[in-house]
Chemist: 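Right, I'll just put the structure down here and ask away after.
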Amino acid sequence: MAAPATAESTTHPSGIPAPEGSVEVTVKIHRFNPEQDEAPHWESYDVPALPTDRVLNLLINIKSYIDGSLAFRRSCAHGICGSDAMQINGINRLACKVLVKDLLAKKGKTTITVAPLKGLPLLKDLYVDMEPFFEAYRSIKPYLITYGNEPTRERIQSPAERAQFDDTTKCILCAACTTSCPVYWADGSYFGPAAIVNAHRFIFDSRDEGAEERLDILNDAEGVWRCRTTFNCTDACPRGIEVTKAIQEVKRALLFRRT
Amino acid sequence: MADTIALDRPRSRRRPAARRSNFELYSWLFMRISGLLLVVLVLGHLFIMNILDGGVHRINFAFVAGRWSSPFWQFWDLLMLWLAQLHGGNGLRTIIDDYARKDSTRFWLKMLLYVSMVVILVLGTLVIFTFDPNI
């Protein structure tokens, strides 16, 4: 019986299976092992890649076939959990949403650079300490605040009221925006775009009564007024949230106290 | 290349308590309004000084004296001086806040900035109001 023509697959020298149609690319990874290395360094790996592969596939292959000590976060691998945000070719992206075909060089061999998120403490390889990011998130009170008696039925909201904060409900807390913000790099006390996006989500929710508290928090020296509207956050967001616009809406709410 | 990624100062895990003041709001608003006014004031100033009627070549003591005999130009220059000084000073304050790494550096840079602002504001205002065309 003849084998199906499309199933032809060879093995790359690295040991990674190279299916038909795959090309060799160089993945340059920012490595750091705190138990061995004095300082971070770059290491390159030649791996086979299909144009339809995601960068995450390459990382998993490197970890499985070449160097098991490579450390990176990933959970769902489908752009929902927000675990695998990293700098890919210098811009913050989710490794599970970037396709190799979009990174292939026009001519010559392709090099894909992968580095950890900038501005958060580096723990190992692509693994950063997310705690400062979540501290900023928690400090804007990202939960429903209401006063008075509980209603006896659900809290009603019109579609128009819901639309006001629809965009900012999409945040998955991947930290791509906050760690692309030059103000956050320079000043770690700045709340950062992600915290402001999540404050926006509640400030403009008609069912929530904590807008004043959150606006007071964001009116502070480390709040929305530090934003320089460089739009790095909007470019970085894997969910397509208009982050800078949300920050501007919070500024406007502070100026006119309209929520 | 490596140190472009690893920042030397760890992110702060604690943040100071909210100050509950509108200072940052007003300074942000001031930057917008003074910026708009300065576009008119500074471009007008540059046009008069450098382009109109032979431009920079006709500027001498008499020209300045003639302009400052009118309260309109006195007010124009005074407003431009104050807005430009406060606008630039506030911008530099923000930059110092962003980039000074140590609290002591931040403090002394800001002191230097504030002192220079006060000196220039006082000196400029003094000259505009006490200018004597007959010396």
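Chain letters run A, B, ... following the sequence lines, proteins first and then strands; every chain starts at 1.
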Chemist: Is A:Arg228 close to B:Asp98 at the side-chain level, that is, under 4.5 Å between some pair of heavy atoms?
Modeler: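 Answer yes - side chains close enough.
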Chemist: Does atom OH (B:Tyr99) have a neighbourhood of more than 12 heavy atoms from anything else shown, all under 6.0 Å?
Modeler: no
Chemist: Taking all atoms of both residues into account, what is the closest heavy-atom pair of A:Arg226 and B:Thr94, and its distance?
Modeler: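 Scanning both residues completely, I find the closest heavy atoms to be NH2-O, 3.7 Å.
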Chemist: Any heavy-atom pair between the side chains of B:Glu24 and A:Val224 that's under 4.5 Å?
Modeler: no
Chemist: How many angstroms lie between CZ in B:Phe23 and CH2 in A:Trp225, if you round to the nearest 0.5 Å?
Modeler: 13.0 Å
Chemist: What residues form a side chain to side chain donor-acceptor pair (under 3.5 Å) with A:Asp125, not counting sequence neighbours?
Modeler: A:Arg31
Chemist: If you count every heavy atom of other residues, nucleotides or ligands that lies below 6.0 Å from B:Tyr26 atom OH, does the total exceed 12?
Modeler: no
Chemist: Counting only non-hydrogen atoms closer than 4.5 Å, can you tell me which residues of residues 27-51 of chain B sit against chain A?
Modeler: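 Within residues 27-51 of chain B, the residues that come under 4.5 Å of chain A (heavy atoms only) are B:Trp28, B:Leu29.
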Chemist: If I compare all heavy atoms of A:Leu254 with all of B:Leu25, which pair ends up nearest, and what's the gap?
Modeler: O-CD1, 3.7 Å
Chemist: Count the heavy atoms belonging to other residues, nucleotides or ligands that lie under 6.0 Å from NZ of A:Lys245, then report whether that count exceeds 12.
Modeler: no
Chemist: More than 12 foreign heavy atoms under 6.0 Å from CZ of B:Arg93: is that the case here?
Modeler: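 It does: B:Arg93 CZ has more than 12 such atoms within range.
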